[in-house]
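I have placed the structure first, in the form of structure tokens, so that the comments after it can refer back to it.
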2 protein chains.
Amino acid sequence: MTNSSLAHLQIIQPLRSAQNTEQVVARVYDLIKREELKPGDRLPPERELAKQLGISRPSLRAGLSSLISMGVLQSRQGAGTFIVDGPPTLDSEPLRLLAELHGFSYDHMFETRSILEVGAAGLAAERATGDQLATMAEEIAEMFAALKDPQQFLLHDIAFHRAVAAGSGNPTLATLVEMVSAILYERRRDTIERAHDFNESLELHRRVYRAIRSHNPDEAREAMSEHIVRAQRAFALEEKQQQERQQPKDRI
Amino acid sequence: MTNSSLAHLQIIQPLRSAQNTEQVVARVYDLIKREELKPGDRLPPERELAKQLGISRPSLRAGLSSLISMGVLQSRQGAGTFIVDGPPTLDSEPLRLLAELHGFSYDHMFETRSILEVGAAGLAAERATGDQLATMAEEIAEMFAALKDPQQFLLHDIAFHRAVAAGSGNPTLATLVEMVSAILYERRRDTIERAHDFNESLELHRRVYRAIRSHNPDEAREAMSEHIVRAQRAFALEEKQQQERQQPKDRI
DNA sequence: AACTCGAATTGGTCATAACAATTTGGGTTA
DNA sequence: TAACCCAAATTGTTATGACCAATTCGAGTT
């Protein structure tokens, strides 16, 4: 609270990036909006884009770099720069950095994830399409097949939750779910090892699925809430095991 | 669904930005983590940072540009580059671009905002500190004082919601609330004009506040939910008026 | 003691060049 | 003819160096 009392009343800071960077972002924004480009398409080469905008290539690259780190673009040396395709799979860097900067804890992330996913499950119970339900069922089947393979199980776990988020029919919500989950999943991928009770996890997923399929929002919310509480416990356990494995090493 | 079936199973793409950009991000991340730098501090000059990392200035700038657009850093020509201070007031650019890219609608954003803020209100009812409650009360008083001034009213409206989000005791959640709200508020700042019933809005805010103060999570959630539904209606109305004002002009 | 102004600092931009990975197309070969 | 291979073109990646613009800060002046 050292700021002036007006500082935190601002809605959005007027101009944070350099002028040229803003220009590049606006230009890409424009290309997308005019529908000259759609996800998967290739941007004009840097040299040409720079000429179009009347700026130098290093400046252009600063702008593109922003868009890449925000997960809007993706570059492949020799091939080109592309508009990111597929579902809104946001790169989690922004949140990860903010997390570090402000000392977010995993507990807070789980709490947030719970709020988002419980909401998504409720909406999915009202709106999920047949295709989306089929995807959920399919991923559950894959999870069952992967009971002995933690890494594989985790992948289908993710896919299931993604399907639920998509089933909410709300892309904004789905994107936020993705952002928060990505950090947690990535962490978990490193710690997950031995199979604690995946059967229980599978059963909880099934319960969520059944509730959504039978269009019961309250039950879907309740089931998802319960599921995430358990997931958080499993996560905490893995963290603890991880620490115990590392501690002796560090001590020597 | 044109991708291979494995593509959307990836958790996080391994390396999206250029190598040097990654290096810069990692370096700043590191400086923050080692607590050599804290919010508000100034980064070493670009020329020196570039030398430290053994990369060129343009490359360094591409990295810094990413961090600036993610709201982690802020540059002032002649002064230096600083770590953003204050509450996690995330620049909304990332979401705004994704919104454009995937065609998010305002309705979806409101729905998402509702899920987030209802959750935040519930948590705030359990955890809000005396200071945070005082801030909420203060902002409501300011809103009352600004009943005739839409722009001013909106600012204190924002501040109130920010206080509730802070009261949740969950910075992750608060940041997401900020991201989604920023887009909606910014849009509203442009359309808000004549005072439709601000008294009703004020009363709804009071109801939320009372519920939080009396530590009643269910009532807080219910009140916030109701409030946002009304806000969405007001927003839609303003959008409609805005269109009606513009349409005749465009037609001539 | 207050003010002014210019030099130093620092971010913002540009031009050019060289490098690395991918793509593409022509030529070769089976 | 079809498959393969290699070299040239394309395109992103990085570096060097220079100059501009805004801010900062201190020496000099009033």
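Chain letters run A, B, ... following the sequence lines, proteins first and then strands; every chain starts at 1. The figures that follow rest on heavy atoms only: side chains count, while hydrogens, waters and symmetry mates do not. What you see is a predicted model, and the numbers here were worked out from it, not measured in a lab.
Taking CZ from B:F110 and OG1 from A:T172, the interatomic distance works out to 12.0 Å, rounded to the nearest 0.5 Å.
If you check every strand for non-hydrogen atoms under 4.0 Å, A:R61 touches a base. As judged by a 4.0 angstrom heavy-atom cut-off over every strand, A:E46 is placed among the base-contacting residues.
To the nearest angstrom, P of C:dT9 lies 17 Å from CG of B:L49. Between A:R42 atom CZ and D:dT11 atom C1' there is a gap of 8 Å when expressed in whole angstrom units. Spacing between atom NZ of A:K51 and atom P of C:dA15 amounts to 12 Å, rounded to whole angstrom units. Spacing between atom CG of A:L73 and atom C1' of D:dT11 amounts to 15 Å, rounded to whole angstrom units. Counting to the nearest Å, the P atom of C:dG11 and the CD atom of B:E48 are 10 Å from each other. Rounding to whole angstrom units, CG of residue A:N20 and C1' of C:dG11 are separated by 13 Å. Between A:I55 atom CD1 and C:dG12 atom P there is a gap of 14 Å when expressed in whole angstrom units. One can place CD of A:Q23 at 13 Å from C1' of C:dG12, the figure rounded to the nearest angstrom.
Between B:Y185 and B:H161, the angle of the ring planes lies from 30° to 60°, which puts this pair in the tilted group.
Contact of A:R76 with C:dT23 (side chain to base): no donor-acceptor pair of N or O atoms is detected under 3.5 Å.
You'll find the side chain of A:R27 stays beyond 4.5 Å of the side chain of A:V24, heavy atoms only. Between B:L43 and B:I83, the closest side-chain pair of non-hydrogen atoms falls below 4.5 Å. The shortest distance between side-chain heavy atoms of A:L123 and B:I115 falls below 4.5 Å.
When the nucleotides D:dT14, D:dA21, C:dT13 are ranked by their closest atom to the side chain of B:Q77, D:dA21 comes out on top. Minimum atom distance to the side chain of A:P45 is reached by D:dT11, of the listed C:dG11, C:dT22, D:dT11. Residue B:P58 has its side chain nearest to C:dC14 when only C:dC14, D:dT13, C:dG12 are considered.
Put simply, the side chain of A:E46 never gets that close to the backbone of A:L60: no donor and acceptor are under 3.5 Å apart.
Side-chain N/O atoms of B:S59 include none lying less than 4.0 angstrom from OP1 or OP2 on D:dT14. Applying the 4.0 Å criterion to OP1 and OP2 of C:dT13, one finds that B:R57 has every side-chain N and O outside that range. Within the 4.0 Å cut-off from OP1 or OP2 of D:dT16, not a single side-chain nitrogen or oxygen of B:S56 is found.
Across every non-hydrogen atom of A:V164 and A:A124, the tightest pair is O-CB, 3.7 Å.
Counted within 6.0 Å of CZ on A:F144, heavy atoms from surrounding residues, nucleotides or ligands total 12 or fewer; the atom is thus considered open.
Recorded end-axis angle for the helix from C:dA1-D:dT30 to C:dA30-D:dT1 stands at 10°, based on five pairs per end and rounded to 10 degrees.
Between A:G78 and A:R47, the one whose closest nucleotide on DNA chain C sits nearer the 5' end is A:R47.
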